[in-house]
Amino acid sequence: SAGAVVSGDQAAIRDRLIAATEQANALKTYEADYSMFVAMAINDVRLMDINGIGGLKYDANDASNPKIAMDMDMTMSTPDGSVEPSFSRMDMYLTDGYYYIDQDGVKQKAEMPIEALLTQLTASGDSISQSVGMMRDFTQATADNGVTTISYSYDTAQLNALVDQALDTAMGAQGLDMSMLGDVTMDFNVADAQGEMRLSESGELLGETLSMNMG
C-alpha cells in the first residue's frame, strides 16, 4: 500500500527528478515498453479512442549518431462501439540522419538531422534542468516496496513554447514553412498537463506517465 502523499520541499524533489533523469539519459543503450491512450473529442463529446502499445530500443554508443527503433500497434474505436475497431501497425527507425517509417506497409524515408537537433537542444543550457523546471506543484508518496511516485503539473506557457519550437524544428527538417500553407494554421495548444515519475529506493528512474489535454 502507498504511504501518505506529502508536498515535501519542492526544490529537493525537483533536484531528485533532475538527478534521476540525468542518470537515465546517461545510459548508452536501453530498451523500454510504452503505451498511450488518446481520446478525441469536440465540445466535450468523445468521438474516438486510440490505444497504442509498443517497444523502443535506443543505442547511443556513437553519441553523434544515436539509433532509435520503435514499434507500435494501435487500435482505433468509438466509445459507444458503433463502428468496428480498426487496427494499425507502425515501425520506425532513426539512424544516419534519416528516419524510416513503415505504416501498414506504406513506407517513408525523410531527413532527420539528429546531430543538429541534439546541438540545438543543448545550445541554450542544461535541457534536463529546463525540462524539469517546467514542472510545478510536486507531491510524493512512497509505497511499502520502496518505490516513490512523484506527481507534478506543467507550466503550460513554457510547455507550449517548447511544443512550438519542436514543431518548427520538425517542419524545418522537412523543408516546410508555415507561409507555404497560406491561410491554413496549425495550432497545438496544451490546455493542461500532469505527470508522474516512479523512482527506486536508490533514486533510479523506473517509469513515467504523462496526461495532456489539448485545447
Check your understanding: Which distance, rounded to the nearest 0.5 Å, do you find between the CE of M92 and the CG of D71?
Key -> 10.5 Å
Practice item. Mind checking the OG1-CE spacing from T21 to M197? Nearest 0.5 Å is all I need. Key: 4.0 Å
Check your understanding: Rounded to the nearest 0.5 Å, how far apart are NZ of K28 and CG of N61?
Key -> 7.0 Å
Exercise for review: Examine Y100 together with Y93 and report whether their ring centres are nearer than 6.0 Å.
Suggested key: no
Practice item. Report the residues that fulfil side-chain contact (heavy atoms from CB on, under 4.5 Å) with A39, sequence neighbours left out, ordered by chain and then residue number. Key: F37, R46, D49
Point to revise | Residue pair I13 / Y152, side-chain heavy-atom distance below 4.5 Å | key: no
Review point. Where is the tightest heavy-atom contact between M135 and R14, given as atom of each residue plus distance?
Key: O-NH2, 4.2 Å
Review point. Does the side chain of Q194 pick up a donor-acceptor pair with the side chain of S151 at under 3.5 Å?
Key: no
Practice item. Considering non-hydrogen atoms only, spot the tightest contact between L205 and A24 and give its length. Key: CD2-CB, 4.1 Å
Check your understanding: Are any of the side-chain nitrogens in R89 or D73 under 4.0 Å away from the carboxylate oxygens of its partner?
Key -> yes
Review point. If we only count heavy atoms from C-beta on, is the Q103 to M74 side-chain gap below 4.5 Å?
Key: yes
Review point. Under 3.5 Å, side chain of E31 to main-chain N/O of G55, donor-acceptor pair present?
Key: no
Study note, to complete from the structure: Hits for ring pair (Phe, Tyr, Trp, His ring centres under 6.0 Å) against Y34, two or more places apart or cross-chain, chain-then-number order -> none
Review point. Shortest non-hydrogen contact from G97 to N65?
Key: N-OD1, 4.2 Å
Point to revise | Working for side-chain contact (heavy atoms from CB on, under 4.5 Å), residues L56 and Y30 | key: CA-CA 8 Å; L56 179 148; Y30 62 81; 3.7 Å; yes
**Study point:** Minimal non-hydrogen separation, M76 against S88, with atom names
**Key:** CE-CB, 4.1 Å
Practice item. Please answer: with hydrophobic residues joined when any side-chain heavy atoms are less than 4.5 Å apart, are V147 and L199 in the same cluster? Key: no
Review point. What is the distance from atom CD of Q23 to atom CD1 of I18, rounded to the nearest 0.5 Å?
Key: 14.0 Å
Review point. If you draw a 6.0 Å radius around CG in L27, do more than 12 non-hydrogen atoms from other residues or ligands fall strictly inside?
Key: yes
Practice item. Please report the closest heavy-atom contact between A20 and G203, naming both atoms and the distance. Key: CB-O, 3.4 Å
Point to revise | Shortest non-hydrogen contact from A191 toward T156 | key: O-CG2, 3.6 Å
Review point. Would you find a donor on one side and an acceptor on the other, under 3.5 Å apart, between the side chain of N160 and the backbone of V190?
Key: yes
Check your understanding: In this structure, are over 12 heavy atoms from other groups packed under 6.0 Å from M40 atom CE?
Key -> no
Point to revise | Check: S82 main-chain N/O paired with D80 side-chain donor or acceptor under 3.5 Å | key: yes
Review point. Is I101 reachable from M70 through a run of I, L, V, M, F, W or Y residues, each pair having side-chain heavy atoms under 4.5 Å apart?
Key: yes
**Study point:** Test item: T78 side-chain N/O and V83 main-chain N/O as donor-acceptor pair under 3.5 Å
**Key:** yes
Point to revise | T139 side, atom OG1; Q10 side, atom CD - distance, nearest 0.5 Å | key: 8.5 Å
Exercise for review: Report yes or no: do V38 and M48 belong to one cluster of Ile/Leu/Val/Met/Phe/Trp/Tyr joined by side chain heavy-atom distances under 4.5 Å?
Suggested key: yes
Practice item. Working to the nearest 0.5 Å, report the span between CG of D91 and NZ of K107. Key: 10.0 Å
Exercise for review: Please answer: with hydrophobic residues joined when any side-chain heavy atoms are less than 4.5 Å apart, are I68 and M36 in the same cluster?
Suggested key: yes
Exercise for review: For residues Y154 and L210, determine if any side-chain heavy atom of one lies less than 4.5 Å from a side-chain heavy atom of the other.
Suggested key: yes
